[in-house]
**Q** 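The structure is given below, and queries will be raised subsequently.
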Amino acid sequence: MTATHVPGLPVIEDGQLISTNPATGEEAGRVPVADEKAVTAAVEQAREAAVWWQSRGWEGRKVRLLRWRTLLVERIEELAELARSESGKPINDGIVEVTAAVEHLDWAARNARRVLGPRRMRTRLLLAEHVGHLEYQPYGVVGVIGPWNYPIVTPIGPISGALAAGNAIVFKPSEYTPVVGQWLADSFAEIVPEQPVLRAVHGLGDVGGALCRSGVGKVSFTGSTATGKKVMAACAENLVPVVIEAGGKDALIVDADADVPAAAEAAVWGAMTNAGQTCIGIERVYAVEPVYDRFVQAVVEKAGKLRTGEEIGPITMPRQLEIIRDHIEDALARGGRAVLGGAEAVRAPYVAPTVLVDVPDDSSEIREETFGPTLTITRVRDAEEAIRKANDTPYGLGGSVFGKRDAVRIARRLRAGMVAVNGTLTFVGMGNLPFGGVGESGFGRIHGEDGLREFARPKAITVRRARSLLPAMTFERTPAQVRQIVKALRLLYGRRR
Ligand code: NAD
């Protein structure tokens, strides 16, 4: 490492992108930087690879994807260690991340044919002599742009869906975690050596922009809301469709009949895992009056036991430390109280667990994504007030409810793409559930059936199977035939219920 390197900050030197460990400043690895020409060339090669990959068929792709899944399981420690060396993420967080990635890969591989394969559709009145066929065809090449906070599972979500659907991928990992990204592409190439079906291209944001403009059929973006808007603008130039998985400000509601110790345990994990650098991390809690005091006490007790450098890793992006400090200071300046941690908890590269109460609704700690191990707990009268406050955000990614009688009812009313009842973040671990947000958290879905359909175009085909008895869609129809059509229509649909 040269003297100019700031721990964690990626550097470009002699055409190489160098990533460093945010805790130690040690070099984690280096990869070549791509320019616009190299991105376009990678997409052109991937276009040919996509034709070959499609020709493997459902079964051929499934076999390879399941082999890749097994490779990830075999090398889980190696991959978790690599993620630690590049992002600072504790090994156990890395292991859990790979586990979730394996789940999505396995599910997509096993279910792609069922969800996307050709099927016959039921005949309808107007075209009784035709049979309908529906199938989902891949886009060709999908561009995947990834973040650094979960450098394994966030790209593997769209990558597994897109590969299972028959696409080739050009993947632009975050500049903070390019080595993990390259490892994913290299390990896939061990399983699929014949063609560059999954390629990585590296660099800063401009390389992501070049990928949007490179002729890919679709872009899957995971990252901040601000960058998501730039990605949409770049994709709009050629009407390239996008999936946007952006930031969040997820809330947890603790209702009166909640298991308070369980809620506190889940809140601490949901807020502090990966040092709070989690898109679906719990950043706000709304606890109803009767359980508020007990809940705050239990959270402080549990969060107070977490150690920086152990369960709480470093903040990966050095500039995020300032944002976290600003949010805490703003909350305290406006009348909030730190019942654990506080502004002094920010000691680069770590932030110690911080729990804030009495924080006003208009403070940045309540309104903006903090992305650190901080949690606000707000006392509310009842579940109605909790729902109103939880929904009072432009974001809408995930959320959580602890309670018994009304918990699912409350979950339904949260303006979010996913909600965990009596747990936090759990929905990300189920391969058969869709993942994605509303509002400023983005749109489109990865994971599950919707995540497979996201990477394929629905294709409708009608096939005539007999002569038309009641030809409607032709100039050859007779007045008598039109009367027959109206008669049939009245018979089938003309009666009021
Ligand atoms: P970021 O927006 O800074 O970067 C994400 C990716 O976009 C990187 O690869 C970056 O190089 C690339 N990029 C930057 N500018 C670009 C441009 N103009 N055109 C194309 N690509 C460009 O986000 P980040 O800091 O890496 O990640 C953290 C953010 O991601 C947080 O807001 C977090 O909530 C969000 N996130 C969301 C999800 C989700 O699934 N919804 C998952 C993980 C992280």
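In each ligand, atom 1 is the first atom listed, and ligand 1 is the first ligand listed.
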**Q** What side-chain donor-acceptor pairs closer than 3.5 Å can you find for residues 416-435, not counting sequence neighbours?
**A**
| unit_1 | atom_1 | unit_2 | atom_2 | d |
| --- | --- | --- | --- | --- |
| Asn422 | OD1 | Gly403 | N | 3.1 |
| Asn422 | ND2 | Gly403 | O | 3.2 |
| Thr424 | OG1 | Ala266 | O | 2.9 |

**Q** Could you list which atoms of ligand 1 come closer than 4.0 Å to a heavy atom of Pro173?
**A**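 That gives atoms 9 (O) of ligand 1.
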**Q** Ser87 and Tyr176: side-chain donor and acceptor closer than 3.5 Å?
**A**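 No, Tyr176 and Ser87 have no side-chain donor paired with an acceptor closer than 3.5 Å.
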**Q** Starting from atom 11 (O) of ligand 1, what is the nearest protein heavy atom, named by residue and atom, and what distance separates them?
**A**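 Here the closest protein heavy atom is Glu175 OE1, 2.6 Å.
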**Q** Relative to the heavy atoms of Leu397, which atoms of ligand 1 are at a distance of less than 4.0 Å?
**A** 41 (N)
**Q** Quick one: does any side-chain atom of Ser187 pair with a main-chain N or O of Leu184 as donor and acceptor, under 3.5 Å?
**A** yes
**Q** Please work out whether any backbone atom (N, CA, C, O) or any side-chain heavy atom from C-beta onward of Glu245 is under 4.0 Å from ligand 1, and answer side chain, backbone, both or neither.
**A**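 It is both backbone and side chain that touch ligand 1.
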**Q** Measuring from non-hydrogen atoms of Ser174 to any atom of ligand 1, is the shortest distance under 4.0 Å?
**A**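 Judged by the 4.0 Å heavy-atom criterion, Ser174 does count as contacting ligand 1.
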**Q** Can you tell me if Thr370 and Lys249 form a side-chain donor-acceptor pair at under 3.5 Å?
**A** yes
**Q** Determine whether any heavy atom of Gly442 lies closer than 4.0 Å to an atom of ligand 1.
**A**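 Gly442: no contact with ligand 1 (<4.0 Å).
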**Q** For atom 6 (C) of ligand 1, what's the nearest protein heavy atom and its distance?
**A**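 The answer is Gly146 O, 3.3 Å.
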**Q** With heavy atoms under 4.0 Å as the rule, classify the contact between Ala246 and ligand 1 as side chain, backbone, both or neither.
**A** backbone
**Q** Relative to the heavy atoms of Phe371, which atoms of ligand 1 are at a distance of less than 4.0 Å?
**A**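 The atoms of ligand 1 under 4.0 Å from a heavy atom of Phe371 are 28 (C), 31 (C), 33 (C), 34 (O).
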**Q** Any chance the side chains of Glu365 and Thr374 put a donor and an acceptor closer than 3.5 Å?
**A** yes
**Q** What residue and heavy atom of the protein are closest to atom 32 (O) of ligand 1, and at what distance?
**A** Glu369 OE1, 2.7 Å
**Q** Among protein heavy atoms, which lies nearest atom 43 (C) of ligand 1, and at what distance?
**A** Asn149 OD1, 3.3 Å
**Q** Main chain of Arg445, side chain of Glu454: is a donor-acceptor contact present, judged purely on distance under 3.5 Å?
**A**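 Here the side-chain-to-backbone pair exists.
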**Q** Can you sort out which atoms of ligand 1 are near Lys230, meaning under 4.0 Å from one of its heavy atoms?
**A**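 What qualifies from ligand 1 is 18 (N).
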**Q** Just going by heavy-atom distances, which of Pro10, Gly223, Pro147 is nearest to atom 29 (C) of ligand 1?
**A**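 Comparing heavy atoms across Pro10, Gly223, Pro147, the nearest one to atom 29 (C) of ligand 1 lies in Gly223.
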**Q** How close does the nearest protein non-hydrogen atom get to atom 17 (C) of ligand 1, and which residue and atom is it?
**A** Gly205 O, 3.5 Å
**Q** Could you tell me if the side chain of Met232 sits less than 4.5 Å from the side chain of Phe221, heavy atoms only?
**A**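 With C-beta onward as the side chain, the pair stays apart.
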**Q** Check whether any side-chain N or O of Arg64 sits under 3.5 Å from a backbone N or O of Ile191 as a donor-acceptor pair, and report yes or no.
**A**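 Side chain of Arg64 to backbone of Ile191: a pair is present.
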**Q** Please confirm whether Trp148 comes under 4.0 Å of ligand 1, counting heavy atoms of the residue only.
**A**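 Flag set, Trp148 near ligand 1.
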**Q** I'd like to check which ligand 1 atoms, numbered from 1 as shown, lie under 4.0 Å from a non-hydrogen atom of Cys279.
**A**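 Matching atoms, with element in brackets: 33 (C), 34 (O), 36 (N), 37 (C), 38 (C), 39 (C), 40 (O), 42 (C), 43 (C), 44 (C).
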**Q** Give the atom numbers and elements of ligand 1 that come within less than 4.0 Å of a heavy atom of Thr222.
**A** 5 (C), 37 (C), 38 (C), 39 (C), 40 (O), 42 (C), 43 (C)
**Q** Should the heavy atoms of other residues, nucleotides or ligands under 6.0 Å from CD of Gln137 be counted, would the total exceed 12?
**A** yes
**Q** List every atom of ligand 1 that sits less than 4.0 Å from any heavy atom of Thr154, numbering the atoms from 1 in the order shown and giving each element.
**A** 42 (C), 43 (C)
**Q** Could you check which of Asn274, Thr227, Val243 puts a non-hydrogen atom nearest to atom 15 (N) of ligand 1?
**A** Thr227
**Q** Looking at side-chain heavy atoms only, is the closest gap between Trp53 and Val192 below 4.5 Å?
**A**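 In short, these two side chains touch, coming nearer than 4.5 Å.
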**Q** Does Asp14 CG have over 12 foreign heavy atoms under 6.0 Å away?
**A** no
**Q** Which of the numbered atoms in ligand 1 are below 4.0 angstrom from a heavy atom of Gly208?
**A** 19 (N), 20 (C), 21 (N)
**Q** Yes or no: does Phe435 have any heavy atom under 4.0 Å from an atom of ligand 1?
**A**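 Yes; Phe435 lies near enough to ligand 1 that a heavy-atom distance drops under 4.0 Å.
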**Q** Does ligand 1 have any atom that is closer than 4.0 Å to a heavy atom of Gly437?
**A** no
